Amino acid sequence: MPHVVTERCVDCRYTDCCAVCPSDSFFEIASPAMLVIDPNVCMDCALCVPECPVLAIYGQDDVPEPYKEWIQKNVDLAPTGKVFNQKVDALATAISLDAIHEREKSRGWDISDPPS
Ligand code: F3S
């Protein structure tokens, strides 16, 4: 079960995740501005999950329903990006986990954070 980066990452791109990845699974893409995981490279170690400040990464079987489209998006987008494996500054548009929760609530979504 590979791990999946969800929409929570879009326009945040904190990059804490890729710095702990032992297999260079993360790829940077420009549109949308985020990192995604190549499921063919991910070793499923889950080290990245607690590192993300907005808890954007879920195991494939744990992806909440409103974010399920991101399973295929990671598959499709990873080959279009370039390997990214170091911590850099977050995007200027990055928001907090509280703000993410508020946005999800405003959409009528009741989303659990990834299990730790
Ligand atoms: Fe995105 Fe979180 Fe990594 S915001 S770049 S999945 S640390």
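Everything numeric here is computed off the predicted structure, so don't read it as measured data.
Between W70 and Y58, the ring centre distance reaches or exceeds 6.0 Å.
Residue A56 comes nearest to T6 through the heavy atom pair O-OG1, 2.8 Å, listed as atom of the first residue, atom of the second, then distance. Closest non-hydrogen pair, P32 versus L77, comes out as CD-CD1, 4.4 Å. The shortest non-hydrogen separation linking P50 to L55 is CA-CD2, 4.4 Å. Of all the heavy atoms in T93 and D11, the pair that sits closest is OG1-O, 2.6 Å. The minimum heavy-atom distance linking I29 with G81 is given by the pair CG2-CA, 3.8 Å. Here the shortest heavy-atom pairing between V41 and S23 reads CG1-O, 3.0 Å.
At least one donor-acceptor pair under 3.5 Å links the side chain of T15 to the backbone N or O of V88. Side chain of K105 to main chain of D110: no donor-acceptor pair is present (N/O by atom type, distance under 3.5 Å, no hydrogens or angles). Between the R8 side chain and the V54 main chain, a donor and an acceptor come within less than 3.5 Å of each other. Of the possible donor and acceptor atoms, one in the side chain of K87 sits under 3.5 Å from a partner among the backbone N and O of Y14.
In the hydrophobic cluster analysis, where Ile, Leu, Val, Met, Phe, Trp and Tyr join through side-chain heavy atoms closer than 4.5 angstrom, V83 is grouped together with V36. Following chains of ILVMFWY side-chain contacts shorter than 4.5 Å, one cannot reach I37 starting from V75, and the two form parts of different hydrophobic clusters. Under a hydrophobic clustering in which Ile, Leu, Val, Met, Phe, Trp and Tyr are joined whenever their side-chain heavy atoms come within less than 4.5 Å, directly or via other members, L91 and L97 fall into different clusters. Clustering ILVMFWY residues whenever any of their side-chain heavy atoms sit less than 4.5 angstrom apart, transitively, puts V20 in a cluster other than the one holding V4. Each of M43 and L47 belongs to its own hydrophobic cluster when Ile, Leu, Val, Met, Phe, Trp and Tyr are linked at side-chain heavy-atom distances under 4.5 angstrom.
Counting heavy atoms from C-beta on, the side chains of C17 and I57 come closer than 4.5 Å. Side chains of P114 and D62 form no contact here, defined as non-hydrogen atoms less than 4.5 Å apart. The shortest side-chain heavy-atom distance between P64 and I111 falls under the 4.5 Å cut-off.
Donor-acceptor pairing under 3.5 Å is lacking for the side chains of H3 and N74.
Atom SG of C48 and atom CG of D16 lie 11.0 Å apart (nearest 0.5 Å). In this structure, the separation between CD on E28 and NZ on K82 is 4.0 Å, given to the nearest 0.5 Å. Here C18 contributes atom SG and R13 contributes atom CZ; the two are 9.0 Å apart, rounded to the nearest 0.5 Å.
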Take H101 and D113, measure what side chain to side chain contact (heavy atoms under 4.5 Å, CB included) needs, and give me the verdict at the end. CA-CA 9 Å; H101 287 155; D113 291 330; 3.0 Å; yes
Could you walk me through whether N85 and C21 satisfy the side chain to side chain contact (heavy atoms under 4.5 Å, CB included) test, starting with their C-alpha distance in whole Å, then the side-chain angles of each, then the deciding distance to 0.1 Å, before giving a yes or no? CA-CA 7 Å; N85 56 17; C21 179; over 6 Å; no
Where do I95 and I100 land on the side chain to side chain contact (heavy atoms under 4.5 Å, CB included) test, with the steps shown first? CA-CA 7 Å; I95 58 177; I100 294 271; 3.9 Å; yes
Kindly indicate, with the supporting measurements, whether the criterion side chain to side chain contact (heavy atoms under 4.5 Å, CB included) is fulfilled by V5 and F26. CA-CA 9 Å; V5 185; F26 286 87; 4.0 Å; yes
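In summary, D98 and R103 do not engage in a salt bridge, as defined by a charged side-chain N under 4.0 Å from a carboxylate O. With respect to R107 and E7, a salt bridge is recorded, a charged nitrogen being found less than 4.0 Å from a carboxylate O.
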